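This report concerns only the one structure given below.
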Amino acid sequence: MSVSERTLLGPGPSNPYPEATLGLAAPLLGHLDPEFITLLERTCERLRSLWGTENPLTLPLSGTGSLGMETAFANTVRSGDVVVVAVNGLFGERMCEVAGRYGAEVVRVDHEWGRPVDVQRVLDAHPAPKLVAAVHAETSTGVVSDIGALGRALRERSDDTLLLADCVTSLGGMPMALDEWRVDIAYSGTQKCLGVAPGLAPFTFSERAWERRVQAPPVWYVDLGLLGAYVRGGPGGRAYHHTAPTAMVASLDAALARIEEEGVDSVSARHEAAGARLREGLQEMGLELFAAEGHRLSQLTSVRVPDGVDSGKVRERLLRDYGLEIGAGVGPHAATVWRIGLMGHNARLDRAELVLSALRRVLER
């Protein structure tokens, strides 16, 4: 079977790091093989370092970033708990839906899409919620919010509220300091800035969250008590939970080693440089950026579709003529915004110039 080669410059997946591809092709190990356990422990430690946390329960979940969201709410929310959700895009919307399915009393704090989360409005929404949830880097709009300011403000007000952060488009692409930011729970996905194929959800859960967790969540597969017994082990050793995707974990470990070798600061600077060149080039073409100035992600740029231009036809022409994928908008902006990702292996100046050149030629036609 023949599969076309694509340059994936949408909101994800992105083209993987070569090291991640090699890791995926390594000899397969069993999920209880001592060699794999060593690899898993190393992967978890590398995730802690990249996230800026010392949380013992840090692991790659067997599923995409959406499973990370599911796991977070399943293990923290009981029926009737008040959960405040900052909504400034699609994934804040999804947080509301998932929390509601676990019986939460959801208090929405709606923002204009493309604008960052307003910390004071979130604080004012409820005096003592069980959980506050927000998206660090909103994939649907390309806007970044100050999760550190939110976390510190919540902790200053009370020690009773947990903070959950969606870091799907931030981990691996920008500096992270979860412990310093007072984030208790966070999840990500491998297919964006981490430069790995889709399939794993890096996840971290603080000791504060562990003490207050739901002991027997309604979804067995995401029970952190059971997962922790496999990942962390116990007096009787590691307890079998499910067959871990060992090849995917090996691929993630290889990508994390590559990021570690380059240096987190250098990786972040590479994302910043590529994103800055893309934004500059788009504006030189007369296009208008969507996300609020001063709060724009480097790794994911949102740009308004020019009046009179068919968004779908442009994306179709880019894919057909150049093998290049960019993303449409979502929700109310599905036909009026493009999302262009320069993430992981694609966070490079040559990729920025490639998409600018191709987009310019298609628009000229």
Side-chain angles (χ1 to χ4, degrees), residues 13-68 70-71 75 167-168 171-173 176 178-179 185-207 210 220-264 266-267 344-345:
S14 60
N15 297 100
Y17 285 119
E19 293 86 348
T21 301
L22 289 173
L24 194 62
L28 193 66
L29 296 171
H31 62 285
L32 292 174
D33 186 306
E35 195 171 324
F36 173 70
I37 296 302
T38 298
L39 185 151
L40 176 62
E41 289 176 342
R42 184 174 65 228
T43 302
C44 294
E45 186 54 41
R46 283 174 166 155
L47 285 173
R48 289 186 194 95
S49 177
L50 192 59
W51 242 326
T53 184
E54 296 182 4
N55 293 341
L57 188 52
T58 300
L59 71 156
L61 295 172
S62 304
T64 59
S66 295
L67 184 78
E70 188 89 33
T71 303
N75 285 272
C167 302
V168 170
L171 185 64
M176 307 285 288
L178 295 190
D179 286 355
I185 310 148
Y187 58 86
S188 187
T190 48
Q191 72 275 18
K192 299 183 188 286
C193 297
L194 291 174
V196 181
L200 294 176
F203 186 89
T204 189
F205 205 67
S206 73
E207 290 295 279
W210 178 260
W220 177 91
Y221 187 68
V222 298
D223 184 334
L224 286 175
L226 300 177
L227 287 168
Y230 167 65
V231 175
R232 297 197 291 184
R238 296 176 189 271
Y240 167 73
H241 181 258
H242 69 278
T243 302
T246 57
M248 281 298 302
V249 176
S251 182
L252 173 58
D253 182 62
L256 292 171
R258 185 246 183 275
I259 292 170
E260 195 174 88
E261 182 178 356
E262 183 179 352
V264 175
S266 295
V267 171
H345 185 52

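These numbers were taken from a predicted model, which means no experiment stands behind them. Hydrogens, waters and symmetry mates play no part in the numbers below; they use all other heavy atoms, side chains included.
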Study note, to complete from the structure: In this structure, CG of Leu40 is separated from CG of Leu59 (nearest 0.5 Å) by 7.5 Å
Exercise for review: Indicate the atoms forming the closest heavy-atom contact of Pro245 with Ser62, along with that distance.
Suggested key: CD-OG, 3.0 Å
**Study point:** Glu41 atom CD, over 12 foreign heavy atoms within 6.0 Å
**Key:** yes
Exercise for review: Check for a donor-acceptor pair, side chain of Thr43 on one end and backbone N or O of Leu39 on the other, with a separation under 3.5 Å.
Suggested key: yes
**Study point:** N/O donor-acceptor pair under 3.5 Å between Ser14 side chain and Gly195 backbone
**Key:** no
Check your understanding: Where do His31 and Ala244 come nearest, in terms of heavy atoms and distance?
Key -> CB-N, 3.8 Å
Check your understanding: With side chains defined as the heavy atoms from C-beta onward, is the minimum distance between Leu227 and Leu61 less than 4.5 Å?
Key -> yes
Review point. Can you tell me if Thr190 uses its side chain to pair, donor with acceptor, with the backbone of Ala197 under 3.5 Å?
Key: yes
Study note, to complete from the structure: Closest heavy-atom pair, Cys44 versus Pro60, reported as atoms and distance to 0.1 Å, is SG-CD, 4.0 Å
Exercise for review: Please round to the nearest 0.5 Å and tell me the distance separating atom CG of Leu171 and atom NZ of Lys192.
Suggested key: 12.5 Å
Practice item. To the nearest 0.5 angstrom, please state how far the CG atom of Leu24 sits from the CD atom of Glu19. Key: 13.5 Å
**Study point:** Side-chain (Tyr17) to main-chain (Ile259) donor-acceptor, under 3.5 angstrom
**Key:** no
Exercise for review: Classify the side-chain pair Ser206/Asn55 by whether it contains a donor and acceptor separated by less than 3.5 Å.
Suggested key: no
Check your understanding: Quick one: are Leu50 and Met176 in side-chain contact, heavy atoms under 4.5 Å?
Key -> no
Point to revise | Atom pair OG1/CG of Thr204 and Leu57 - distance to nearest 0.5 Å | key: 7.0 Å
Exercise for review: Rounded to the nearest 0.5 Å, what's the gap from CZ on Arg42 to CG on Leu252? Could you check?
Suggested key: 11.0 Å
Check your understanding: So how far is it from Trp51 CH2 to Tyr187 OH, rounded to the nearest 0.5 Å?
Key -> 10.5 Å
Review point. Which pair of heavy atoms, one from His241 and one from Leu226, lies closest together, and at what distance?
Key: CD2-CB, 3.4 Å
**Study point:** Short side-chain to backbone donor-acceptor contact, Thr58 and Glu54, under 3.5 Å
**Key:** no
Practice item. Search all heavy atoms of Pro202 against all heavy atoms of Leu194 and return the closest pair with its distance. Key: CG-CD1, 3.8 Å
**Study point:** Leu29 backbone acceptor or donor facing Thr246 side chain under 3.5 Å
**Key:** yes
Exercise for review: Please indicate whether Glu35 has more than 12 foreign heavy atoms, meaning atoms of other residues, nucleotides or ligands, lying under 6.0 Å from its CD.
Suggested key: no
Check your understanding: Between Glu261 and Arg258, is the closest basic N to carboxylate O distance under 4.0 Å?
Key -> no
Exercise for review: Write down the atom of Gly23, the atom of Ala254, and the distance for their closest heavy-atom approach.
Suggested key: CA-CB, 4.2 Å
Review point. Is any side-chain heavy atom of Val222 less than 4.5 Å from a side-chain heavy atom of Phe203?
Key: no
Review point. Counting only N and O atoms by type, is there a donor-acceptor contact under 3.5 Å from the side chain of Asn15 to the main-chain atoms of His345?
Key: no
